[in-house]
Amino acid sequence: SAALAPDWELLSTHFHHNPQLVIGKVDCTADRHLCSEMKVESFPSFRFFTEATGDLGAGYGGVRDFSGFRQFAEEHILRGCQLAVLQACTDREQAYVIKQ
């Protein structure tokens, strides 16, 4: 939706330098095959992909504005192991980081 475009662009800019998160968009009128594969049934649709969601990803059902998108990304997608937040790392990952 055109109304959500500014929030989506702001989200992309906000996380631009974070290699753990890629913000993208697909025009389903131009790429019907991809949207069919992803089982997109309504517009706009928001999907996120992690190891746990598999290739089809999962639908996003939260608040549809910059703050809602950002909060969801920080709480559900970026919570994996990061150097700045070693508490989120497994014991094995922490041991590797400490060893280096």
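Residue numbers count from 1 along this sequence. Hydrogens, waters and symmetry mates are skipped; everything else that's a heavy atom, side chains included, is used.
Note: the hydrophobic cluster containing Val26 also contains Leu56 (ILVMFWY, side chain heavy atoms under 4.5 Å, direct or indirect links). Following chains of ILVMFWY side-chain contacts shorter than 4.5 Å, one cannot reach Leu11 starting from Phe49, and the two form parts of different hydrophobic clusters.
At a threshold of 4.5 Å between non-hydrogen side-chain atoms, the residues His76 and Phe48 do not count as touching.
Among residues two or more places apart in sequence or in another chain, the side-chain hydrogen bond (donor to acceptor under 3.5 Å, both in side chains) test is passed with Arg32 by none. Residues forming a ring-ring contact (aromatic ring centres under 6.0 Å, His included) with Tyr60 (at least two apart in sequence, or on another chain): Phe69, Phe72. The ring-ring contact (aromatic ring centres under 6.0 Å, His included) check on Phe66 picks up His14, with sequence neighbours excluded.
Residues Pro44 and Leu4 approach most closely at CG-CD1, 3.7 Å, considering heavy atoms. Annotation for Thr53 and Ala58: closest pair CG2-CB, 3.9 Å, computed over non-hydrogen atoms.
The stretch residues 10-24 participates, sequence neighbours left out, in no salt bridge (Lys or Arg N to Asp or Glu O under 4.0 Å) pair at all. Sorted by first and then second residue, the salt bridge (Lys or Arg N to Asp or Glu O under 4.0 Å) pairs with a member in residues 2-20 read Glu9-Lys25; sequence neighbours excluded.
The neighbour count for Asp27 CG, taken as heavy atoms of other residues, nucleotides or ligands under 6.0 Å away, is above 12.
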Tabulate below the donor-acceptor pairs under 3.5 Å that side-chain atoms of residues 35-43 make, not counting sequence neighbours, or state none.
residue	atom	partner	partner atom	Å
Glu37	OE2	His33	NE2	2.5

